[in-house]
Number of protein chains: 2
Amino acid sequence: MKTAQAVDTLAALAQETRLSIFRLLVEAGPRGMNAGAIAAALDIPPATLSFHVAQLSRAGLTDARQDGRFVFYAANYAAMDELIAFLTDNCCQGGGACLPKTAAAATSAKRRARAGVAA
Amino acid sequence: MKTAQAVDTLAALAQETRLSIFRLLVEAGPRGMNAGAIAAALDIPPATLSFHVAQLSRAGLTDARQDGRFVFYAANYAAMDELIAFLTDNCCQGGGACLPKTAAAATSAKRRARAGVAA
DNA sequence: TTTATGTTTCCATGATTATCGAAATGATGC
DNA sequence: GCATCATTTCGATAATCATGGAAACATAAA
């Protein structure tokens, strides 16, 4: 993950409403939730929801899937994985300084290996 | 880490210049760098540097230490650790979905235990 | 085809953020 | 004290972002 992409992803999450949306979608699982349901759950006007969801999508944090006249949004776990990998690799002295010892050893290398398969 | 704090921390990092500053400080190690050196390294005017460093500090991502007439800033690894813990715990289906298996098992519980000591 | 429902786009508004020169503040040595 | 260097605050400007009503668009049922 390049720096510019990391900034975009961080910016997408650095907003109360969007973070709430993303967390809701993580809870919802792979099936996701349709726009109206998200808006209802968080009590957000449709236009506002659409605006924020668009930003999450643009950052690659959510996937959209049309189902009838509903649009289901789902959290993209791989994107979050990449962000965490970026933070551990680039903002933690080579992946070691900010993680418990056992996790640190595995994280950097395994994440990169996994990224090659998944992304 | 509470949601509001997570948003603040994410926002602090979600900006090209500030992310560069933080990464520079991570490289610099615990001793850190004084404001002028950071500004010189990244070619930023003093006022702009001060503005961004203040935001990083406000978010708890950097510590400041006065040394003579210099002010040294250092990366706060614990804050980054907390952010990563928040993301894995709250944005990854209970810490599992976004991490390699081996790391995931250790991460959530150990981070929380560690947080109890450090924070 | 009309009607109903879900979602997005358009648009205007207010709020926040980034930038940086100039001036002020703080710290040290003479 | 005064001179010097490091850093921050002030203040103005431009740009970006968040909000949400109204209208447009899309899909499906009657």
Side-chain angles (χ1 to χ4, degrees), chain A residues 3-25 28 31-76, chain B residues 3-25 28 31-76:
Chain A
T3 301
Q5 172 65 28
V7 169
D8 281 353
T9 308
L10 288 165
L13 293 171
Q15 210 278 343
E16 180 101 33
T17 303
R18 284 195 295 273
L19 186 56
S20 299
I21 294 171
F22 186 78
R23 292 177 66 177
L24 188 65
L25 292 178
R31 176 187 285 172
M33 290 175 75
N34 67 297
I38 302 170
L42 300 177
D43 195 25
I44 305 169
T48 304
L49 186 275
S50 195
F51 168 80
H52 286 302
V53 145
Q55 301 212 36
L56 288 171
S57 285
R58 207 166 39 70
L61 282 164
T62 60
D63 299 319
R65 160 179 58 90
Q66 183 112 21
D67 183 9
R69 45 187 159 170
F70 301 87
V71 177
F72 280 79
Y73 290 95
N76 183 335
Chain B
T3 300
Q5 173 64 28
V7 170
D8 281 353
T9 308
L10 288 165
L13 293 171
Q15 210 277 344
E16 181 102 33
T17 303
R18 282 195 296 273
L19 186 56
S20 299
I21 293 170
F22 187 78
R23 293 177 66 177
L24 187 65
L25 291 179
R31 176 187 284 171
M33 290 175 73
N34 67 297
I38 301 171
L42 300 177
D43 196 26
I44 304 170
T48 304
L49 186 276
S50 195
F51 169 79
H52 286 301
V53 146
Q55 301 214 34
L56 288 170
S57 285
R58 206 167 39 71
L61 281 164
T62 59
D63 299 318
R65 159 179 58 89
Q66 183 110 22
D67 183 9
R69 41 187 162 170
F70 300 88
V71 177
F72 279 79
Y73 289 96
N76 184 336

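So you know, we letter chains A, B, ... as the sequences are listed, proteins then strands, and number each from 1.
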TODO: Measure distances between side-chain N and O atoms of A/Arg69 and base N and O atoms of C/dT7, and say whether any donor-acceptor pair falls under 3.5 Å.
DONE: no
TODO: Measure from CG on B/Asp43 to P on C/dC20 and round the result to the nearest Å.
DONE: 9 Å
Task: Partner residues of B/Gln5 under the side chain to side chain donor-acceptor pair (under 3.5 Å) criterion, sequence neighbours left out - done: B/Thr9
TODO: Please report, rounded to the nearest Å, how far the P atom of C/dA27 is from the CG atom of B/Asp67.
DONE: 12 Å
Open item on the list: Are the side chains of A/Leu42 and A/Thr17 in contact, using a 4.5 Å heavy-atom criterion?
Closed with: no
TODO: For A/Gly68 and for B/Val71, locate the closest nucleotide of DNA chain D by heavy-atom distance; then report the residue assigned to the nucleotide nearer the 5' terminus.
DONE: B/Val71
- [ ] Taking A/Arg65 for its side chain and A/Arg31 for its backbone only, find out whether a donor-acceptor pair lies under 3.5 Å.
- [x] yes
TODO: Name all pairs fulfilling the side chain to side chain donor-acceptor pair (under 3.5 Å) condition that reach into residues 42-56 of chain B, sequence neighbours left out, sorted by first residue then second.
DONE: B/Arg18-B/His52
Atom pairs, protein N/O to nucleotides 13-21 of chain D N/O, distance under 3.5 Å:
unit_1	atom_1	unit_2	atom_2	d
D/dA18	OP1	A/Arg18	NH1	3.2
D/dA18	OP1	A/Arg18	NH2	3.0
D/dA18	OP2	A/Arg18	NH1	3.2
D/dA18	OP2	A/Gln55	NE2	2.9
D/dT19	OP2	A/His52	NE2	2.4

Task: Any A/Tyr73 side-chain N or O less than 4.0 Å from OP1/OP2 of C/dG6 - done: no
- [ ] Could you check how far CG of B/Asn34 sits from C1' of C/dT28, rounded to whole Å?
- [x] 15 Å
TODO: Starting at atom CZ of B/Arg58, determine the distance to atom P of C/dT17, rounded to an integer number of angstrom.
DONE: 8 Å
- [ ] Take atom CZ of A/Phe70 and atom C1' of D/dA26, then tell me their distance rounded to the nearest Å.
- [x] 13 Å
Task: Distance in Å, A/Ile38 CD1 paired with A/Phe22 CZ, rounded so as to fall on 0.5 Å steps - done: 12.0 Å
Open item on the list: Could you tell me if the side chain of A/Leu25 sits less than 4.5 Å from the side chain of A/Leu61, heavy atoms only?
Closed with: no
Open item on the list: For the CD1 atom of B/Ile44 and the CD1 atom of B/Ile21, what is their distance to the nearest 0.5 Å?
Closed with: 4.5 Å
TODO: Write down the distance between CG (B/Asp8) and P (C/dT16), rounded to a whole number of angstrom.
DONE: 13 Å
Task: Distance in angstrom units between A/Leu56 CG and C/dT8 P, rounded - done: 12 Å
Open item on the list: Rounding to an integer number of Å, can you tell me how far B/Met33 CE sits from D/dA6 P?
Closed with: 14 Å
